[in-house]
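Right, one structure below, let's go through it.
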Amino acid sequence: QVQLVQSGGGSVQAGGSLRLSCVATGLAFRSYSMGWFRQAPGKERKFVTGIMWLNNITRYIESVKGRFTIARDDAKNMVYLQMNNLKPEDTAVYYCAAWTQHSPVVTAAGVQHWGQGTQVTVSS
């Protein structure tokens, strides 16, 4: 049984930092690209960042470039999202995602496995 279990998140003031973690079990982690999506209230779940398996190529949406950093630790089956200089518009539920497509970018429909979601709230 595949599980993606998230930790981290919470509430912070604008300009602050948070770190999200996700540990994967039950899958061949090194064969999955990993990433993070987010979903604001009343909005679709959207891709934020991804990291490919094998070569660790990363991609970010424009609005988080230079502020968010994704990393993976294949020895621990973990993926991380370091979020700095957070803005109120970053407020959302963040989801860890795993997909087999050899690409750092994927649509929600292309994700094979999801984490449980973690609330991130940024106040102004």
Side-chain angles (χ1 to χ4, degrees):
Q1 179 182 359
V2 176
Q3 280 192 307
L4 302 183
V5 179
Q6 300 176 217
S7 59
S11 298
V12 66
Q13 289 191 326
S17 298
L18 288 171
R19 187 193 197 208
L20 305 181
S21 300
C22 173
V23 59
T25 58
L27 54 72
F29 188 79
R30 288 178 171 84
S31 297
Y32 279 79
S33 295
M34 301 295 296
W36 296 89
F37 283 65
R38 66 187 180 187
Q39 187 168 19
K43 301 290 183 65
E44 293 181 352
R45 191 173 300 186
K46 294 185 177 180
F47 174 85
V48 176
T49 178
I51 183 166
M52 284 174 63
W53 54 274
L54 188 62
N55 56 21
N56 285 355
I57 290 176
T58 60
R59 288 293 185 272
Y60 300 88
I61 58 172
E62 194 63 34
S63 62
V64 307
K65 283 182 180 178
R67 300 188 298 120
F68 289 15
T69 303
I70 188 172
R72 63 186 294 160
D73 184 337
D74 288 349
K76 297 180 179 180
N77 284 14
M78 293 199 70
V79 63
Y80 306 96
L81 182 62
Q82 178 66 43
M83 303 182 290
N84 297 328
N85 191 19
L86 281 159
K87 303 177 180 181
E89 51 264 42
D90 295 318
T91 295
V93 176
Y94 284 69
Y95 293 90
C96 177
W99 61 93
T100 54
Q101 184 179 352
H102 197 225
S103 169
V105 181
V106 72
T107 63
V111 173
Q112 274 81 47
H113 305 290
W114 293 100
Q116 80 275 19
T118 301
Q119 178 69 46
V120 170
T121 302
V122 185
S123 58
S124 57

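Along the sequence shown, the residues carry numbers beginning at 1.
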When rounded to the nearest 0.5 angstrom, what distance separates OG1 in T25 from CD in Q3? 5.0 Å

Please list, chain by chain and in numerical order, all residues satisfying ring pair (Phe, Tyr, Trp, His ring centres under 6.0 Å) with Y32, sequence neighbours excluded. H113

Crowding at CD, Q116 (>12 non-hydrogen neighbours, <6.0 Å): yes

Search all heavy atoms of P104 against all heavy atoms of W99 and return the closest pair with its distance. O-CZ2, 3.7 Å

Test of understanding: with ring pair (Phe, Tyr, Trp, His ring centres under 6.0 Å), list the residues that count as partners of F29, not counting sequence neighbours. none

Spell out, as yes or no, whether a donor-acceptor pair under 3.5 Å connects the side chain of Y60 to the backbone of I70. yes

Please say yes or no: joined through hydrophobic side-chain contacts below 4.5 Å, possibly via intermediate residues, are V111 and Y80 part of one cluster? no

Minimum-distance pair of heavy atoms, taken over all atoms of L4 and A24: CD2-CB, 3.3 Å

Start with the C-alpha distance between W36 and V79, add both sets of side-chain angles, then the distance that settles side chain to side chain contact (heavy atoms under 4.5 Å, CB included), and finish with yes or no. CA-CA 9 Å; W36 296 89; V79 63; 3.9 Å; yes

Please name the pair of heavy atoms, one in L18 and one in L86, separated by the smallest distance, quoted to 0.1 Å. N-CD1, 3.8 Å

So which atom in S17 and which in N85 form the shortest heavy-atom distance, rounded to 0.1 Å? OG-N, 4.2 Å

In the single-linkage hydrophobic clustering (I, L, V, M, F, W, Y; side-chain heavy atoms under 4.5 Å), do V105 and I51 co-cluster? yes

Report yes or no: does Q13 contribute a side-chain atom to a donor-acceptor pair with the main-chain N or O of S123 at less than 3.5 Å? no

Honestly curious: do F68 and I61 fall in one hydrophobic cluster under the side-chain, below-4.5 Å linking rule? yes

Plane angle bin for F37 and W114 - parallel if under 30°, tilted between 30 and 60°, otherwise perpendicular: perpendicular

Looking at every heavy atom in both N55 and M52, which two are closest together, and how far apart are they? OD1-CB, 3.3 Å

Are L20 and V23 linked, directly or through other ILVMFWY residues, by side chains that come within less than 4.5 angstrom of each other? no

Spatial distance of atom CZ (R38) from atom OG1 (T49) [nearest 0.5 Å]: 10.5 Å

Would D90 and R67 satisfy side chain to side chain contact (heavy atoms under 4.5 Å, CB included), going step by step from the backbone distance to the final call? CA-CA 11 Å; D90 295 318; R67 300 188 298 120; 2.7 Å; yes

Using modelled atom types only, decide if a donor and an acceptor are shared between the side chain of Q6 and the backbone of C96 within a distance under 3.5 Å. yes

Please round to the nearest 0.5 Å and tell me the distance separating atom CD of Q39 and atom CD of E44. 8.5 Å

Rounded distance (nearest 0.5 Å) linking atom CG of D73 with atom CE of M34: 12.0 Å

If you look at every heavy atom in A92 and A40, which pair is closest and at what distance? CB-N, 3.9 Å

Rounded to the nearest 0.5 Å, what separates atom CZ in R72 from atom OG in S33? 6.5 Å

So how far is it from D74 CG to N56 CG, rounded to the nearest 0.5 Å? 6.5 Å

